[in-house]
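A quick write-up on the structure given underneath.
Below, chains carry the letters A, B, ... as their sequence lines are ordered, and counting in each starts from 1. Note that this is a predicted model, so its numbers are computed, not measured.
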Number of protein chains: 2
Amino acid sequence: MKNFETMSYDELLKEFKGILKANALKFTKQREAILSTLYNNPKHFTSECLYLLVKQKHPELNIGIATVYRTLSLLEENGLVSSISLGAQGKKFEIANKPHHDHLICSECGKIVEFENEQIERLQQQIAEENGFILTDHLMQLYGICSECQKKRTKGD
Amino acid sequence: MKNFETMSYDELLKEFKGILKANALKFTKQREAILSTLYNNPKHFTSECLYLLVKQKHPELNIGIATVYRTLSLLEENGLVSSISLGAQGKKFEIANKPHHDHLICSECGKIVEFENEQIERLQQQIAEENGFILTDHLMQLYGICSECQKKRTKGD
DNA sequence: TAAGATATGAATATCACTATCAAAAAGGTA
DNA sequence: TACCTTTTTGATAGTGATATTCATATCTTA
């Protein structure tokens, strides 16, 4: 897969158009609005949350929530966005124009910190090989209490 | 928390009864049926899947799916079962009478291989600390193609 | 720019899970 | 054991996130 790390918006858009063409899909205003909103807000979005933001930034499109779901699936299938499942807190999406990273999540406030660790990646590769697997992907989420929520706790009680 | 690794079913049952008593909850045939089914089938169950198996093994109980959900939550809250979220493949439960481990999952056939790696755990702890988090839990799933599915692929095409 | 395709938004359906509720069962107590 | 109180149960309805349907709108390319 391509590495989107250093991609400008124009390059990303070109990539997206290429994917659409290759699959006989159409380039629409809605799809672009969603892609650009994701690109310009490098946060982790809920589908709902992204829907509201796109609606706000592009009111003339009168975008529907179904289109947001459909487009997110499309983008994820093609590696342009990635998602993490936070169980009770829902599924969050982010644009995949950053280097690979994993997530450290606060169970109290939902804050997400990104990190990367080469050493763990190597160990994962090794584990897969030992078990006869070809590693294609991985998911690593660390859960804990962030420093702010730790402070709140001691105050609160 | 207690380590359930070497626990016999009798010990597990005793533990469960203790938890129930401590919370003023009752020991019922349904709850026991679910616990024993989990214990005797050391696999990863979907709620639905476990429901069907308990129904089959204990038809006289006429168990309802709601009870399965309720009991799984209860068992998970008390550390007797643990769960993993497999995204599209749903949430799966297993009895927590094994040492902590993570999962290596085949994206083609859904096969799950368990593994543990001390070194990764230490690195995770370290990452959490560096970011001011108190680590409470983690989720690590490696996705890949298992050796069997690799063989099928080369044959198939 | 017309033809033939896909995409869209609104509404509806689905899926996993949760809440509600009347009836049943558990487990103290006498 | 019989009673009494509380919790649990199964059935069912409800929920929220996501998927599907369908008539209309929009894109692409010829």
Side-chain angles (χ1 to χ4, degrees), chain A residues 13-14 16-35 37 44-56 58-78 81 83-93 110, chain B residues 13-14 16-35 37 44-78 81 83-93:
Chain A
L13 196 57
K14 203 175 151 197
F16 185 40
K17 285 184 177 175
I19 289 165
L20 291 175
K21 183 154 273 182
N23 293 83
L25 300 174
K26 290 173 178 173
F27 180 70
T28 64
K29 288 168 193 152
Q30 287 85 345
R31 286 179 173 158
E32 191 190 349
I34 290 168
L35 188 70
T37 302
H44 296 82
F45 283 110
T46 288
S47 309
E48 178 72 17
C49 184
L50 178 62
Y51 163 65
L52 292 172
L53 189 58
V54 173
K55 217 176 167 66
Q56 183 195 310
H58 304 267
E60 78 285 2
L61 290 181
N62 190 31
I63 201 160
I65 185 91
T67 300
V68 174
Y69 278 106
R70 283 186 286 235
T71 304
L72 281 172
S73 298
L74 174 65
L75 290 170
E76 186 169 22
E77 278 163 25
N78 289 284
V81 316
S83 73
I84 55 175
S85 285
L86 297 180
Q89 306 203 44
K91 195 174 181 182
K92 289 190 178 179
F93 296 85
Chain B
L13 197 56
K14 203 175 149 196
F16 185 39
K17 285 183 178 175
I19 288 165
L20 291 174
K21 184 154 270 181
N23 293 83
L25 301 174
K26 291 175 178 175
F27 179 71
T28 64
K29 288 169 192 153
Q30 287 84 346
R31 285 178 175 159
E32 192 193 349
I34 291 167
L35 188 71
T37 303
H44 296 80
F45 284 110
T46 287
S47 310
E48 177 73 17
C49 186
L50 178 62
Y51 163 65
L52 292 172
L53 190 59
V54 173
K55 218 178 169 64
Q56 183 194 311
K57 298 232 170 187
H58 304 267
E60 78 284 1
L61 290 181
N62 190 31
I63 201 159
I65 185 93
T67 299
V68 174
Y69 278 107
R70 283 187 287 234
T71 305
L72 281 172
S73 297
L74 175 64
L75 290 169
E76 186 168 20
E77 277 163 24
N78 288 284
V81 316
S83 72
I84 54 175
S85 285
L86 295 179
Q89 304 204 46
K91 195 174 181 182
K92 289 191 177 180
F93 295 85

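- When the C1' atoms of four end pairs are superposed on the next four at each end of the helix from C:dT1-D:dA30 to C:dA30-D:dT1, using five pairs per end, the two resulting axes differ in direction by 30°, to 10°.
- Rounded to whole Å, atom P of C:dG27 lies 14 Å from atom CG of B:N23.
- Residues that satisfy the side chain to side chain contact (heavy atoms under 4.5 Å, CB included) test with A:R31, not counting sequence neighbours, are A:F16, A:L20, A:L25, A:T28, A:T71, A:L74.
- To the nearest 0.5 Å, atoms CD (B:E77) and CG (B:L75) are separated by 9.5 Å.
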query: With the sugar-phosphate defined as primed atoms, P, OP1 and OP2, and the base as all remaining atoms, what B/S/- string results for nucleotides 1-8 of chain C, 5' to 3', for protein heavy atoms under 4.0 Å?
result: ---BBSSB

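- DNA chain C is contacted by both B:I65 and B:F27; B:I65 maps to the nucleotide lying nearer its 5′ end (nearest heavy atom per residue).
- Two residues are said to be in side-chain contact when any heavy atoms from C-beta on lie closer than 4.5 Å; B:I34 and B:I63 meet this criterion.
- Residues that satisfy the side chain to side chain contact (heavy atoms under 4.5 Å, CB included) test with A:K14, not counting sequence neighbours, are absent from this structure.
- Applying the side-chain hydrogen bond (donor to acceptor under 3.5 Å, both in side chains) rule to A:Y51 yields the partners A:K55; only residues at least two apart in sequence or on another chain are considered.
- To the nearest 0.5 angstrom, B:F45 atom CZ is 5.0 Å from B:L53 atom CG.
- Closest approach of B:S47 and B:I65 over heavy atoms only: O-CD1, 4.4 Å.
- Here B:L61 pairs with B:K29, B:A33, B:H58 under the side chain to side chain contact (heavy atoms under 4.5 Å, CB included) rule; sequence neighbours left out.
- Not counting sequence neighbours, the partners of B:S83 by the side-chain hydrogen bond (donor to acceptor under 3.5 Å, both in side chains) test are B:E76.
- No contact: B:K55 has no heavy atom under 4.0 Å from any strand.
- Under the side-chain hydrogen bond (donor to acceptor under 3.5 Å, both in side chains) criterion, A:E32 pairs with A:Y9, not counting sequence neighbours.
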Between the protein and nucleotides 13-17 of chain C, are there any N/O to N/O pairs under 3.5 Å, and if so, what are the atom names and distances?
unit_1 : atom_1 : unit_2 : atom_2 : d
C:dC17 : OP2    : B:Y69  : OH     : 2.8

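- Minimum heavy-atom separation, B:V68 to B:L50: CG1-CD2, 4.1 Å.
- Taking every nucleotide of DNA chain D with any atom under 4.0 Å from a non-hydrogen atom of chain B, the first and last of them, 5' to 3', are D:dT6 to D:dA11.
- Here B:L52 contributes atom CG and B:K57 contributes atom NZ; the two are 13.0 Å apart, rounded to the nearest 0.5 Å.
- In this structure, the separation between OG on A:S73 and CZ on A:F93 is 6.5 Å, given to the nearest 0.5 Å.
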